[in-house]
Amino acid sequence: MSSNLPSGGKKLWGGNFAESPDARLEAFNASIFFDQRMAREDIRGSIAHVRMLGHQGIISPAEAAEIETGLWTILAEVDAGEAAFTITDEDIHTGVERRLRELIGAVAGKLHTGRSRNDQAATSFRLWSVGALQQVQAGLLDLRGALIEIAAANPLVVMPGYTHLQRAQPVLLAHHMLAYEAMFARDSARVDAAIRSANVSPLGSAALAGTTFPIDRAMTAADLGFDAITTNSLDAVADRDYVCDALYACSLIAMHISRLSEEICLWATGEFRFIALSDAFSTGSSIMPQKKNPDVAELARGKTGRVFGHLVALLTVMKGTPLAYNKDFQEDKEALFDAIDTILITLDVVPPMLRTARWNEERMAEAAVADFSLATDAADLLARNGVPFREAHEVVGRLVGTCTRENKSFADLSDAEWAEIHPVFAAQKPPLRAIDSVAARDVPGGTAPRQVAAALDTARDALAAEQVALDLDRAARAARFTPPTT
Ligand code: ARG
């Protein structure tokens with residue numbers, strides 16, 4: 001009579017099993033120790049399912065109400081940290097049902113009508129993924145805000161721009177910060193795309209083929225805030241594309257943060273001295289009293305490895321699996337959990353590290369004009385006065401060679417020396433200040449202060465709009481996890 005009760009090592013699926021599961025199988029098979037992270041989403045999915053069962057008359061409205069009340073009780077236990085799941089629960093889906101049975105008795109067994117753990121697991125993880133990605137989005141918006149603040153606070157601060165990590169042409173610090181903002185804005189779009197990919201309801205696909213019960217899939221999808229329902233039951237229980245999408249979005253965020261972190265590490269060296277990180281976001285050495293290390297930037301760079309790893313791991317898990325559900329898919333959880341945790345902890349610390357850093361304007365200005373960084377400006381001046389650019393390049397190249405041999409900079413040259421180099425320079429000397437060089441690059445997307453100010457406005461407006469949209473959607477989703485008051 002009680003052969004399939006999930007107690008004493010017996011499983012929900014134990015009806016046809018004469019022996020109890022081996023402890024080693026149980027330890028290998030169980031996902032409860034990590035998938036209880038999506039307990040709330042699993043319970044909420046069950047609430048939508050049971051409401052629908054009652055509404056459709058598949059179970060009686062009274063039974064549905066009793067089950068729903070029990071589920072809200074379990075959700076409250078989870079929120080209070082009072083829910084106790086054990087290895088015999090196998091996974092969160094089984095654990096919740098076990099607890100429901102403890103609370104309301106045999107009627108709990110009706111919850112699983114017209115449903116399988118396969119569509120249930122996919123539903124829970126999709127809901128969890130949407131919430132997690134929205135947290136990532138909030139962190140990204142904060143990071144973009146920090147970059148925008150630095151750009152706004154330093155409208156005319158110049159620094160060297162590099163190619164091949166060699167000084168190339170001066171740029172505004174604000175332009176450099178907004179370059180990263182542009183990367184993270186694209187990352188925000190990728191996170192949004194990953195959310196859309198996850199926000200589709202597989203519930204009702206059951207084990208693989210759909211169900212014999214007259215369920216209403218649109219009703220559960222709407223209750224849970226999904227945008228749509230999946231269109232093929234086999235695909236719905238076997239698809240983990242949405243997890244790959246999330247891992248890819250996380251990977252690009254990690255990659256971009258890693259590039260920024262590498263620059264912070266460089267800029268904080270005695271060789272560069274462009275930035276001084278605040279004590280609160282630096283660490284010391286146990287032996288060298290003078291050391292101040294950029295551990296935040298280094299760790300942010302280093303943590304990229306595990307995020308990329310999770311993407312490759314899941315792609316590899318998926319590649320040889322036949323339709324439809326396979327237990328292999330259970331490997332999706334830890335991959336995404338750790339990738340999300342890694343991104344969130346990084347997004348927690350990088351923005352304040354940036355906001356509290358001090359920029360060494362003098363040092364950056366000095367470096368911005370060093371190594372003949374204004375040579376292109378001199379060649380451009382010749383070209384603007386009718387000299388073919390290739391010839392202008394040649395003339396200024398020879399000048400750089402002479403100056404290098406004589407250990408002079410452009411600023412050391414007298415008017416007479418300029419006039420000797422080319423007649424054009426007799427009438428007008430090329431720009432010798434980084435700010436003039438920068439101001440001359442007045443094309444859309446260029447580093448002129450006017451262009452950067454416009455880019456800053458655009459970035460700020462986009463950020464504000466995205467923040468409003470995110471806040472509204474998160475509030476609507478949070479409200480779905482609140483019990484009805486009537
Ligand atoms: N814990 C499982 C997972 O993460 C749930 C689905 C189990 N389904 C099954 N048929 N055994 O994938």
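Please read these numbers as outputs of a predicted model, since none were measured by experiment. As the structure lists them, so they are numbered: ligands from 1, and atoms in each ligand from 1. Atoms considered below: every heavy atom in the structure, side chains included; atoms not considered: hydrogens, waters and symmetry mates.
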Query raised in the report: So which of R37, R306, K303 actually passes side chain to side chain donor-acceptor pair (under 3.5 Å) with D341?
Result: R37
Query raised in the report: Can Q120 be said to touch ligand 1, with heavy atoms closer than 4.0 Å?
Result: no
Query raised in the report: Considering only heavy atoms, does F125 approach ligand 1 within less than 4.0 Å through its side chain, its backbone, both, or neither?
Result: neither
Report task. May I ask you to check whether Q137 and S188 show a side-chain donor-acceptor distance below 3.5 Å? Result -> yes
Query - No-hydrogen, no-angle side-chain donor-acceptor test under 3.5 Å, Q134 and D473 - result: yes
Report summary line: Note: K333, heavy atoms under 4.0 Å from ligand 1, region reported as side chain
Report task. Please say whether more than 12 non-hydrogen atoms of neighbouring residues, nucleotides or ligands are located less than 6.0 Å from CZ in R259. Result -> no
Query raised in the report: With distance as the sole criterion, is a donor-acceptor pair present between the side chains of Q120 and H49 under 3.5 Å?
Result: no
Query raised in the report: Do any nitrogen or oxygen atoms of R240 lie less than 3.5 angstrom from nitrogen or oxygen atoms of ligand 1?
Result: no
Query raised in the report: In this structure, are over 12 heavy atoms from other groups packed under 6.0 Å from H55 atom NE2?
Result: no
Requested in this report: Give the residue, atom name and distance (to 0.1 Å) of the protein heavy atom nearest atom 9 (C) of ligand 1.
Outcome: N118 OD1, 3.4 Å
Requested in this report: Could you tell me whether a side-chain N or O of T342 sits under 3.5 Å from a main-chain N or O of D338, the two making a donor and an acceptor?
Outcome: yes
Query raised in the report: Which protein heavy atom lies closest to atom 5 (C) of ligand 1, and at what distance to 0.1 Å?
Result: D91 OD2, 3.4 Å
Requested in this report: Would you mind checking which non-hydrogen protein atom is closest to atom 11 (N) of ligand 1, with the distance to 0.1 Å?
Outcome: R117 NH2, 3.6 Å
Query raised in the report: Which residue holds the protein heavy atom closest to atom 1 (N) of ligand 1, what is that atom called, and what is the gap in Å?
Result: Q330 OE1, 2.8 Å
**Report entry** S31 N/O under 3.5 Å from ligand 1 N/O
**Finding:** yes
**Report entry** atom 3 (C) of ligand 1: nearest protein contact (heavy atom, Å)
**Finding:** Y325 OH, 3.3 Å
